[in-house]
Protein chains: 2
Amino acid sequence: MTATDGETAPGYASSTCRVRAVLDRVGDKWSIYVVDRLGGGQLRFSELLRGIDGITARMLTVTLRGLERDGILTRTVHAAVPPRVDYALTPLGETLREAIGQLVSWADSHLPEIEEARAAYDGRADEPACPEAAAG
Amino acid sequence: MTATDGETAPGYASSTCRVRAVLDRVGDKWSIYVVDRLGGGQLRFSELLRGIDGITARMLTVTLRGLERDGILTRTVHAAVPPRVDYALTPLGETLREAIGQLVSWADSHLPEIEEARAAYDGRADEPACPEAAAG
DNA sequence: CCGCATCCCGCGGGATACTG
DNA sequence: CAGTATCCCGCGGGATGCGG
């Protein structure tokens with residue numbers, strides 16, 4: 001099992017560029033947080049807006065439209081005044097949420113390791129390998 | 001279990017903005033493909049370059065540096081001529097690869113649904129809901 | 001309250017050319 | 001072969017203002 005054979009990658013590698021189209025949605029700045037938030041049940045626009053730190057109304061709209069287009073969530077408009085719109089995950093969206101959850105919890109649980117690694121790398125880049133040794 | 005309580009999201013929600021720093025790495029255009037490729041064992045620069053469709057040398061370098069900084073992979077330089085550099089996943093990188101694999105296979109297996117949903121949505125947007133009905 | 005339109009800026013990232 | 005430096009363009013996305 002060396003890396004010298006031409007076809008190392010199996011399975012989904014064949015549809016890489018199509019998968020890209022899907023992962024781009026996940027890769028955009030806000031989708032994963034929207035999906036994550038909706039895991040607890042349907043929420044209205046303003047709830048999402050307040051629940052996701054740093055997002056603007058514009059980006060929330062754009063993100064929601066994208067997810068709706070992909071069949072990840074549904075948009076329910078209540079025509080009455082005051083206007084009210086609810087968003088909820090579809091079954092497909094629920095499965096995505098699970099996959100995302102894996103990644104988010106990975107990120108969360110390995111945060112310390114990663115921050116350590118970054119500190120070590122950055123230190124290596126423009127500082128002596130042993131700051132305390134240099135101080136002596 | 002309504003969505004009316006203030007604290008719907010448990011666990012990792014508390015460190016959202018730190019998690020962001022990690023997910024941004026996953027979110028960038030090429031990291032997941034590099035990590036995925038390296039799953040089969042160490043590869044040299046040019047092998048990655050040829051193995052990942054559409055990536056440029058510049059972006060491969062940038063991506064590899066970022067992943068190295070995060071402790072996801074290691075960079076091994078063979079000083080001899082011709083120059084040769086090998087990249088391999090760290091144990092941490094392996095765990096990331098598993099999480100990514102979940103997502104990639106999700107994307108792969110749900111591609112048809114998503115493309116259907118997109119087609120339906122786009123059709124709805126600027127075409128009659130029932131093209132064949134409109135034709136009659 | 002919901003959310004679209006417009007303007008505008010920063011940066012991701014592609015092309016190209018050069019070094020060790 | 002591996003990597004760096006420069007230029008440059010497109011677009012993600014923030015701020016603001018208006019319409020339903």
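Here the structure is a predicted model, which means the values were calculated and not measured. Just so it is clear: chains get the letters A, B, ... in the order the sequence lines come, proteins before strands, and each one is counted from 1.
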Touch class at under 4.0 angstrom, heavy-atom based, for A:Arg44 against every strand present: sugar-phosphate
As a test of reading the structure: which of D:dG13, D:dA5, C:dG3 is closest to the side chain of A:Tyr87, going by heavy atoms? C:dG3
Does a side-chain N or O of B:Arg65 approach OP1 or OP2 of D:dG3 to a distance below 4.0 Å, or not? yes
When you check the phosphate oxygens OP1 and OP2 of D:dG3, does a side-chain N or O of B:Arg75 lie under 4.0 Å from one of them? yes
note: A:Leu60, atom CG; D:dG12, atom P; distance rounded to Å ~ 17 Å
Between C1' on D:dA15 and CD1 on A:Ile55, what's the gap in Å once rounded to a whole number? 15 Å
Selection from C:dA15, D:dG14, C:dG3 that lies nearest to any side-chain heavy atom of A:Val85: C:dG3
A:Thr56 side-chain proximity, nearest of D:dA15, D:dA2, C:dG3: D:dA15
Does B:Leu43 reach the side chain of B:Tyr87, with side-chain heavy atoms less than 4.5 Å apart? no
Between C:dC1 atom C1' and A:Arg50 atom CZ, what is the distance in whole Å? 11 Å
For the side chain of A:Met59, counting heavy atoms from C-beta on, which of D:dG14, C:dG14, D:dA2 is nearest? D:dG14
Check whether NZ of the Lys or CZ of the Arg B:Arg20 lies under 6.0 Å from the centre of the six-membered ring of A:Trp30 and within 45 degrees of that ring's axis. yes
Value in whole Å for how far the P atom of D:dC1 lies from CZ of B:Phe45: 11 Å
Which of the following nucleotides, C:dG14, C:dC2, C:dC4, is nearest to the side chain of A:Pro83? C:dC2
Please tell me if the side chains of B:Asp108 and B:Trp106 come closer than 4.5 Å, counting only heavy atoms from C-beta onward. no
Close side-chain approach of B:Val35 to B:Leu73, heavy-atom, < 4.5 Å: no
What integer distance in Å separates B:Lys29:NZ from C:dG14:P? 4 Å
Measure the distance from CG on A:Asp28 to C1' on C:dG12 and round it to the nearest whole Å. 15 Å
Quick one: which of C:dG13, C:dC4, C:dC2 gets closest to the side chain of A:Ser46? C:dC2
Would you sort out whether A:Thr74 and A:Leu89 count as a side chain to side chain contact (heavy atoms under 4.5 Å, CB included), showing the intermediate values? CA-CA 6 Å; A:Thr74 58; A:Leu89 292 181; over 6 Å; no
How close or far is atom C1' of D:dC11 from atom CH2 of A:Trp30, stated in whole angstroms? 17 Å
To the nearest Å, how far apart are A:Leu49 CG and D:dA15 P? 12 Å
Closest to side chain of A:Thr61, choosing from C:dG3, D:dT4, C:dG14: C:dG3
